[in-house]
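Contents: one structure, followed by commentary.
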Amino acid sequence: MLFNKDNYVFFVTYAGNHICQVECRSSKIGVIGDVMNEKKHKVTVEIFGETYCLKSDAKLEKVVAIASEVDSRMKSIAQKNLRLSPGKVAVLAALNIAEAYLDLEQNYKQLIKMVEEEK
């Protein structure tokens, strides 16, 4: 949903069951275009029951996808380990995400090496 009020442009979207709100300030509200082209915007997301207000220059879809991935991983870990504190759940989620990142980085390097060897 896109709307403007009092020289502000707001873009509101939903990610799963969560509302994600982006606020882009502008002194010129003429034709409302792609809000994601603004340099910085605020994004409010909910992760593991907590609300976070983030400033980002990344596209809205990317910020929402990142928050959704972290939320999903934390919920999955918490369901399997009911006695863990939210802090420990967050650390385990970070470790899982870091492992996935390092695996992808290693695969990428192997692919680059294979392409260079074929040249």
Side-chain angles (χ1 to χ4, degrees):
M1 178 187 311
L2 193 60
F3 62 96
N4 66 45
K5 180 175 175 19
D6 301 328
N7 292 337
Y8 290 90
V9 176
F10 296 89
F11 182 79
V12 180
T13 190
Y14 298 89
N17 295 330
H18 307 292
I19 296 175
C20 181
Q21 181 177 341
V22 177
E23 176 186 350
C24 294
R25 296 176 183 233
S26 175
S27 59
K28 297 178 183 176
I29 301 282
V31 176
I32 298 174
D34 185 1
V35 176
M36 273 77 63
N37 284 337
E38 295 289 331
K39 290 192 179 214
K40 292 272 186 193
H41 54 263
K42 292 181 184 176
V43 181
T44 303
V45 296
E46 185 176 316
I47 300 172
F48 204 60
E50 295 288 328
T51 302
Y52 298 90
C53 185
L54 311 171
K55 279 189 179 181
S56 178
D57 57 358
K59 289 188 177 184
L60 173 65
E61 292 86 2
K62 184 174 183 178
V63 176
V64 171
I66 291 168
S68 180
E69 178 67 19
V70 172
D71 183 58
S72 175
R73 289 195 186 228
M74 288 182 70
K75 286 178 179 176
S76 175
I77 290 167
Q79 287 173 353
K80 295 173 187 170
N81 304 285
L82 299 175
R83 296 183 183 183
L84 290 177
S85 70
K88 289 186 179 185
V89 170
V91 169
L92 289 173
L95 289 169
N96 287 335
I97 293 167
E99 178 185 24
Y101 169 79
L102 291 174
D103 289 345
L104 287 170
E105 186 178 47
Q106 183 180 11
N107 290 342
Y108 174 77
K109 287 177 181 178
Q110 288 174 348
L111 285 172
I112 294 297
K113 185 178 178 181
M114 288 171 53
V115 168
E116 288 175 352
E117 288 174 354
E118 289 184 14
K119 286 184 180 181

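Computed from heavy atoms alone, side chains included, the values below leave out hydrogens, waters and symmetry copies. For the single chain, residues carry numbers from 1 onward in sequence order.
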In a table with atom names and distances, give each donor-acceptor pair under 3.5 Å that connects a side chain of residues 81-92 to protein atoms at least two apart or in another chain.
residue: Asn81; atom: ND2; partner: Ile77; partner atom: O; Å: 3.1
residue: Ser85; atom: OG; partner: Lys88; partner atom: N; Å: 3.2

### Query
To the nearest 0.5 Å, how far apart are CD in Glu105 and NZ in Lys109?
4.0 Å

### Query
Taking ILVMFWY side chains as joined if any heavy atoms are under 4.5 angstrom apart, and letting links pass through other members, which residues group with Leu102?
Tyr101

### Task
Taking all heavy atoms of Ala58 and all of His41, pick out the closest pair and write down the distance.
O-CE1, 2.9 Å

### Query
Can you tell me how far CG of Asp71 sits from OG of Ser76, rounded to the nearest 0.5 angstrom?
11.0 Å

### Summary
Gln79 meets the side chain to side chain contact (heavy atoms under 4.5 Å, CB included) criterion, sequence neighbours left out, with none

#### Entry: Ile112: side chain to side chain contact (heavy atoms under 4.5 Å, CB included) partners, not counting sequence neighbours
Tyr108, Glu116

### Query
With the 4.5 Å side-chain cut-off for hydrophobic clustering, are Met74 and Ile66 part of the same group?
no

### Query
Can you list the residues that meet the side chain to side chain donor-acceptor pair (under 3.5 Å) rule with Glu50, with sequence neighbours excluded?
none

### Task
Please report the shortest heavy-atom distance between Arg73 and Ala93, naming the atom on each side.
CB-CB, 4.3 Å

### Summary
Residue set satisfying side chain to side chain contact (heavy atoms under 4.5 Å, CB included) with Glu99, at least two apart, ordered chain then number -> Asn96, Asp103

